[in-house]
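Report on one structure; see the data block that follows.
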Amino acid sequence: MAAEAEVLDEIHRLRARVPQVTGALAASVDGLVLAHDTPGVEPEGVAALTAAALGVALRLTDATGQGDFRELLVRGVYGYVATYAAGTSAVLTLLAQDRVNVGRLHLEGRRAGTRIGELVDAATARGEPAAPARAPAKPAARPVVPRTRTPRAPALTDPPAARAPAEQALPVRTPTTKTPTTTES
């Protein structure tokens, strides 16, 4: 998509305006990455999870009569994940530190989402694909590691007297039954 560079520029500008944003990605509503700046986070996985969360959010807003989806905010122990509508076919997902000003995050996230939505919708109107074409992923080759056997613990077939004190069996108590005694009167 030709707008990919412009979307990435918008993401970079957003991260410059809100320094506590630790990552951002634009994705199609189907979960395909359009552009990302997510150091240390797998963008394809986040995009797929965003699509799944979006599906639930759409059903929730519909079932409760709250109207069209606008945004989704998830707070974890270490920070926030915020997703904003970006036009008709994309979303913007932001990762932010716990100390972020949430009002500022919403303000800038909504603005960036609107701008990214305009870029993506304009590219779609020109007939460009929503997501950039990617080469099919090849599975990573695993290095061949020689298999080794771990030595097993010695079998406990030794007589109990030969075992270490910690390994000795505990005495088993057998219940004793008392026979009732009858007294003759």
Side-chain angles (χ1 to χ4, degrees), residues 1-62 66 68-143 145:
M1 164 162 96
E4 182 180 3
E6 294 175 85
V7 171
L8 191 57
D9 285 344
E10 184 63 34
I11 287 172
H12 288 149
R13 284 193 296 273
L14 168 70
R15 289 198 61 194
R17 289 190 304 265
V18 186
Q20 294 81 21
V21 170
T22 59
L25 69 85
S28 71
V29 293
D30 298 330
L32 300 173
V33 177
L34 303 175
H36 69 90
D37 182 8
T38 54
V41 177
E42 183 64 38
E44 286 81 12
V46 173
L49 289 170
T50 297
L54 177 62
V56 173
L58 289 172
R59 280 187 255 144
L60 184 61
T61 57
D62 185 47
Q66 301 302 315
D68 293 336
F69 170 80
R70 294 287 183 243
E71 59 198 44
L72 173 67
L73 180 68
V74 177
R75 181 178 183 203
V77 174
Y78 303 113
Y80 295 88
V81 179
T83 299
Y84 302 93
T88 59
S89 61
V91 292
L92 170 66
T93 297
L94 305 177
L95 311 175
Q97 297 171 351
D98 189 40
R99 61 189 180 95
V100 71
N101 178 322
V102 177
R104 178 77 188 268
L105 179 69
H106 283 320
L107 177 70
E108 297 296 343
R110 290 171 187 152
R111 285 180 180 168
T114 300
R115 177 70 181 132
I116 289 169
E118 291 169 355
L119 294 169
V120 171
D121 289 346
T124 304
R126 290 191 303 266
E128 297 177 19
R134 303 246 189 251
K138 293 168 74 175
R142 293 185 189 172
V145 178

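- Between atom CG of residue D9 and atom CG of residue L14 there is a gap of 12.5 Å, rounded to the nearest 0.5 Å.
- Smallest separation of non-hydrogen atoms from A112 and L92: CB-CD2, 3.7 Å.
- For A86, the side chain to side chain contact (heavy atoms under 4.5 Å, CB included) partners at least two apart in sequence or on another chain are A90, I116.
- Looking at heavy atoms from C-beta onward, L73 lies in side-chain contact with V102 at the 4.5 angstrom threshold.
- Taking every heavy atom of both residues into account, S28 and V91 meet most closely at O-CG2, 4.4 Å.
- Remark: L58 engages L54, F69 in a side chain to side chain contact (heavy atoms under 4.5 Å, CB included) (not counting sequence neighbours).
- Heavy atoms only, all atoms of each residue included: G109 and L94 are closest at CA-CD1, 3.9 Å.
- The side-chain hydrogen bond (donor to acceptor under 3.5 Å, both in side chains) check on T83 picks up T93, with sequence neighbours excluded.
- T61 OG1 to Q66 CD: the interatomic distance, rounded to the nearest 0.5 Å, is 8.0 Å.
- Residues A35 and V7 share a closest heavy-atom pair of CB-CG1, 3.7 Å.
- Between E10 and R17 there is a salt bridge, with a side-chain nitrogen of the basic residue lying less than 4.0 Å from a carboxylate oxygen of the acidic one.
- Annotation: side chain to side chain contact (heavy atoms under 4.5 Å, CB included) contacts of T22 (sequence neighbours excluded): L95, Q97.
- Each salt bridge (charged side-chain N to carboxylate O under 4.0 Å, His left out) pair with one or both residues in residues 83-99, not counting sequence neighbours, appears once here: R75-D98.
- Within the structure, no pair that satisfies the salt bridge (charged side-chain N to carboxylate O under 4.0 Å, His left out) test touches residues 26-36, not counting sequence neighbours.
- Shortest non-hydrogen contact noted between A47 and G31 is CB-O, 3.3 Å.
- Legend: residues meeting salt bridge (charged side-chain N to carboxylate O under 4.0 Å, His left out) with E42, ordered by chain and number and at least two apart, are absent.
- Within the 4.5 Å cutoff, the side chain of V120 has heavy atoms near those of the L34 side chain.
- Partners of R15 by side-chain hydrogen bond (donor to acceptor under 3.5 Å, both in side chains), not counting sequence neighbours, listed by chain and number: D37.
- Listed by first and then second residue, the ring-ring contact (aromatic ring centres under 6.0 Å, His included) pairs involving residues 72-98 are Y84-H106 (not counting sequence neighbours).
- Checked against salt bridge (charged side-chain N to carboxylate O under 4.0 Å, His left out), D121 has no partners two or more places apart in sequence or in another chain.
- Applying the side-chain hydrogen bond (donor to acceptor under 3.5 Å, both in side chains) test to R104 and every residue at least two apart in sequence or in another chain returns E108.
- Taking the side-chain hydrogen bond (donor to acceptor under 3.5 Å, both in side chains) definition, one finds that R59 meets it with nothing, sequence neighbours left out.
- Residues T38 and P43 come closest through the heavy atom pair OG1-CB, 3.8 Å.
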